[in-house]
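What follows is a short report on a single structure.
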Amino acid sequence: MVDSSSGWPWENLGCFKYLLYGPFVAKVLYSRFHEEALNASTILCLHLLILCALRGLVHQLWSSYTNMLFLTRNRRILQQGVDFKQIDKEWDWDNFIILQALIAFMASYMFPFVENLPLWNIKGFIAVLTLHMAVSEPLYYWVHRHFHGNHHLFNLYHSFHHSSPVPQVFTAGNATFLEHLILTVIIGIPILGASLMGYASISMIYGYVLVFDFLRCLGHCNVEVVPHQIFETIPFLRYLLYTPTYHSLHHTEMGTNFCLFMPLFDALWNTLNGKSWGLHKSISSNQEKYGWVPDFVFLAHVVDVSAALHAPFVFRTFASLPFSTKIFLLPLWPLTLVVLLLMWAWSKTFVYSFYQLRGRLHHTWVVPRFGFQYFLPFATEGINKHIEQAILRADRLGVKVISLAALNKNEALNGGGTLFVNKHPDLRVRVVHGNTLTAAVILNDLPKDVEEVFLTGATSKLGRAIALYLCRKRVRVLMLTLSSERFEKIQKEAPVEFQSYLVQVTKYQAARNCKTWIVGKWITPREQSWAPPGTHFHQFVVPPILSFRRDCAYGELAAMKLPDDVEGLGCCEYTMGRGVVHACHAGGVIHLLEGWTHHEVGAIDVDRIDLVWEAALKHGVKPVNNQD
């Protein structure tokens, strides 16, 4: 725990802390509409707002880049993932931007000569660089080293920064109030010094502050982006600029590498970690290799434009929460649509996220197609090609199980994965649709004493399995289907003594006395109106049906909570809660944990539903509505 004396003055305000920018905004707006010209204080407020926005943008762009695993996974320094606990701890990483804006505003009144600065003055850049190297760097080094050398100071003020297991871009800003006050002095000395000399300029202040933030993000990004060849060409440069590997060693071995940006000061005072250059070269040299091969891959696809903004490489904080449409992100939709078109033309299946479970690496890969594209007849061949290439790639890498998500296993598309297994009979990777566990979740969510259910989507893969399972339990199943031929085909699959429990109905009115509806095909509010009060809608339809009836209960999509010992999981799977995945995802995980060697494709084996369910519970994979 961090002592309250190291807390932030506005830590209890939550998102309302951004109201602290309000006076700056009000000043600019008032001058804009009520004054003929912007005065010096108004211009200062405007520059502060622009600079704060740019500082946030620098951190966000760095965060987006480092979370693009399809670009960075082979150059990650620490391999473990960032979990929800760390993300929550770093939620208010931008407190320092507010703090330094407020201090800068106050400083402008203490030192009025910083007003009316020219746009450019080369002497200012020389002065600020000289003061940074001569004053800020050694000052930071000794303060930082003293924080580590004094246990009281470290535990009270600096341990919070080091409490993040994996350095991330936002870790750079995640520190106590006292630390950032000191850092404000560090960053302020060169600016104030250049101003006192009369050399300051607007471009100097913008440039120095943004480069300062850029280098802080560089050191904490956990991705080695500096090529080792540059240090081999110019050896002394390694003492003038640190690398992500260099600073990562400070976080893992805290008695070394204390410098701000220049390892020269660690070398001068004998605190330079001897592994710095060798480890940097090793990581930088391995970028062409694949790295740690996953044992399990969940092959997903993009749902829609809004859900595309839920990716961890877009906004990490939003991705750590269940998906919901956010109106303030609407301005990003046009750009997202452009990216969609580019993905359609050029993109390949890419790595989206990962976590670890019992020493095994689990990946989520994404087919670069949106949900609506799966229903375009001319797009079918291209989508199947992407899925096939992903399966073959997983096979080459040595992946043990690849689980097909959502529309990637659509019966009309590829027969629930049968197409690929038949085409490539020698696959070592096991292809799994995971729907056996999906069926088990739905069935185990039904009341134990249920006697009759109404089933829509009755002739689908899941609908068929649910109907056949329930009729064996002597539960009467009203199967909504207009096709007598398809109904009779399913009915004949049931043992003769249970066939009478399967009943074909063609209208929703037939279910007006049935309080248990299993929805596998989207139904409108008008169709829902036929359900009697107190009906429970269990569903396996995507997207879920509208919660129209207040006198009825609506179940969530079939989902399971991953075991408690999952590590490095930091993003939510679409609308699922933290640590919760779709049942088909969990089904693939169970396939891996059990070491099953068969492909789970095509029709669901009804005889395996109870077996898969019991295996899931054995491994600590729990139904969402019963996690105790």
Checklist entry - Can we call the ring centroids of His220 and Phe170 under 6.0 Å apart? => result no
Checklist entry - Can you name the side-chain hydrogen bond (donor to acceptor under 3.5 Å, both in side chains) partners of Trp93, sequence neighbours left out? => result none
Item to check | Qualifying residues under side-chain hydrogen bond (donor to acceptor under 3.5 Å, both in side chains), relative to Ser163, sequence neighbours excluded | outcome: Lys89
Next on the checklist: For the backbone of Val305 and the side chain of Thr336, can you confirm whether one donor and one acceptor N or O come within less than 3.5 Å of each other?
Outcome noted: no
Checklist outcome for this item: Here the gap from His146 atom NE2 to Leu153 atom CG, rounded to the nearest 0.5 Å, amounts to 5.0 Å
Item to check | side-chain hydrogen bond (donor to acceptor under 3.5 Å, both in side chains) assessment of His161 paired with Glu179 | outcome: CA-CA 9 Å; His161 176 69; Glu179 275 194 271; 5.5 Å; no
Item to check | Derivation of the salt bridge (Lys or Arg N to Asp or Glu O under 4.0 Å) call for Arg316 and Glu90 | outcome: CA-CA 11 Å; Arg316 188 187 77 168; Glu90 296 175 352; 3.0 Å; yes
Checklist entry - Quick check: does any side chain N or O of Ser63 sit under 3.5 Å from a backbone N or O of His59, one acting as donor and the other as acceptor? => result no
Checklist entry - Do the charged groups of Asp266 and Arg145 touch, with an N to O distance under 4.0 Å? => result no
Next on the checklist: Are there over 12 heavy-atom neighbours, none belonging to Glu137, within less than 6.0 Å of that residue's CD?
Outcome noted: yes
Checklist entry - Does the cation-pi check pass for Arg393 over Trp365, that is, NZ or CZ under 6.0 Å from the six-membered ring centre and within 45° of its axis? => result yes
Checklist entry - When you look at CE of Met133, are more than 12 heavy atoms from neighbouring residues, nucleotides or ligands closer to it than 6.0 Å? => result no
Checklist entry - Between Thr252 (side chain) and Ser248 (backbone), is there a donor-acceptor pair under 3.5 Å? => result yes
Item to check | Over-ring placement of Arg238 relative to Trp277, 6.0 Å and 45° cut-offs | outcome: yes
Item to check | Side-chain donor/acceptor of Ser159 to backbone N/O of Asn155, under 3.5 Å | outcome: yes
Item to check | Point-to-point distance, once rounded to the nearest 0.5 Å, from CG of Leu20 to CG of Leu99 | outcome: 10.5 Å
Checklist entry - Would Trp269 and Cys259 satisfy side chain to side chain contact (heavy atoms under 4.5 Å, CB included), going step by step from the backbone distance to the final call? => result CA-CA 10 Å; Trp269 289 304; Cys259 76; over 6 Å; no
Next on the checklist: Whether the side chain of Ser284 engages the backbone of His228 through a donor-acceptor N/O pair (distance < 3.5 Å, no angle test) should be reported.
Outcome noted: yes
Item to check | Derivation of the ring pair (Phe, Tyr, Trp, His ring centres under 6.0 Å) call for Phe298 and His582 | outcome: CA-CA 11 Å; Phe298 184 58; His582 292 88; 7.2 Å; no
Checklist entry - In terms of side-chain geometry, is the basic nitrogen of Lys275 or Glu253 positioned less than 4.0 Å from the acidic oxygen of its partner? => result yes
Checklist entry - Is a side-chain donor-acceptor pair under 3.5 Å present for Gln229 with Thr233? => result no
Checklist entry - Does the side chain of Asn273 come under 3.5 Å of the side chain of Thr256 through a donor N or O and an acceptor N or O? => result yes
Next on the checklist: Under a 3.5 Å distance rule, please check whether His310 uses its side chain to pair with a backbone N or O of Cys571 as donor and acceptor.
Outcome noted: no
Checklist entry - Sub-3.5 Å donor-acceptor pair from the side chain of Ser164 to the main-chain atoms of Pro167, do we have one? => result no
Next on the checklist: Measuring centre to centre across the rings, with the benzene-like ring taken for any Trp, is Tyr141 within less than 6.0 Å of Phe265?
Outcome noted: no
Checklist entry - Does a side-chain heavy-atom distance below 4.5 Å link Tyr246 with Leu272? => result yes
Item to check | Heavy atoms of other groups near Tyr140 OH, more than 12 under 6.0 Å | outcome: yes
Checklist entry - Could you go step by step and tell me if Trp62 and Phe214 meet the ring pair (Phe, Tyr, Trp, His ring centres under 6.0 Å) rule? => result CA-CA 8 Å; Trp62 262 108; Phe214 182 91; 5.2 Å; yes
Checklist entry - Will you find, in the side chains of Asn257 and Thr271, an N or O donor that is under 3.5 Å from an N or O acceptor? => result no
Next on the checklist: If you take the centroid of each ring, where Trp contributes its six-membered ring, are Phe328 and Phe318 closer together than 6.0 Å?
Outcome noted: yes
Checklist outcome for this item: Rounded to the nearest 0.5 Å, the NE2 atom of His180 sits from the CD1 atom of Ile187 at a distance of 11.0 Å
Checklist entry - Does the side chain to side chain contact (heavy atoms under 4.5 Å, CB included) test come out yes or no for Val302 and Val367, once each step is laid out? => result CA-CA 7 Å; Val302 189; Val367 174; over 6 Å; no
Checklist entry - Which distance, rounded to the nearest 0.5 Å, do you find between the CG of Leu78 and the CD1 of Ile283? => result 8.0 Å
Item to check | Parallel, tilted or perpendicular: ring planes of Phe212 versus His132, cut at 30 and 60 degrees | outcome: perpendicular
Next on the checklist: Applying side-chain hydrogen bond (donor to acceptor under 3.5 Å, both in side chains), can you list everything that pairs with Asp295, at least two apart in sequence or on another chain?
Outcome noted: Lys400
Checklist entry - Between Asp94 and Lys17, is there a side-chain N and carboxylate O pair less than 4.0 Å apart? => result yes
Item to check | Stepwise side-chain hydrogen bond (donor to acceptor under 3.5 Å, both in side chains) check, Thr66 with Gln168 | outcome: CA-CA 8 Å; Thr66 56; Gln168 290 281 283; 4.9 Å; no
Checklist entry - Yes or no on side-chain hydrogen bond (donor to acceptor under 3.5 Å, both in side chains) for His250 and His148, after CA distance, side-chain angles and deciding distance? => result CA-CA 11 Å; His250 170 70; His148 280 268; 3.2 Å; yes
Checklist entry - Heavy-atom count around Lys85 NZ within 6.0 Å, excluding the residue itself: above 12? => result no
Next on the checklist: Treating Asp83 as the side-chain partner and Gln86 as the backbone partner, does any N or O pair qualify as donor plus acceptor under 3.5 Å?
Outcome noted: yes
Checklist outcome for this item: Here the gap from Glu567 atom CD to Asp565 atom CG, rounded to the nearest 0.5 Å, amounts to 7.5 Å
Checklist entry - How about Phe296 and His585: are their ring centres within less than 6.0 Å of each other? => result yes
Next on the checklist: The test is ring pair (Phe, Tyr, Trp, His ring centres under 6.0 Å); show your working for His162 and Phe147 and say whether it passes.
Outcome noted: CA-CA 12 Å; His162 281 275; Phe147 268 129; over 10 Å; no
Item to check | Value rounded to 0.5 Å, distance of NE2 in His144 from CD1 in Ile186 | outcome: 11.5 Å
Checklist entry - Backbone N or O of Val223 within a donor-acceptor pair of the Arg75 side chain at under 3.5 Å? => result no
Next on the checklist: Quick one, Glu224 with Thr245, criterion side-chain hydrogen bond (donor to acceptor under 3.5 Å, both in side chains). Give me CA distance, side-chain angles, the key distance, then yes/no.
Outcome noted: CA-CA 6 Å; Glu224 190 47 76; Thr245 302; 2.4 Å; yes
Checklist entry - Given the rule in the ring pair (Phe, Tyr, Trp, His ring centres under 6.0 Å) test, do Phe323 and Tyr574 qualify, once you have shown the distances and angles that lead to the verdict? => result CA-CA 5 Å; Phe323 168 76; Tyr574 197 38; 5.2 Å; yes
Next on the checklist: Just by distance, no angles: are the side chains of Tyr242 and His247 close enough, under 3.5 Å, to form a donor-acceptor pair?
Outcome noted: no
Item to check | Donor-acceptor contact below 3.5 Å, side chain Thr176 vs main chain Tyr157 | outcome: yes
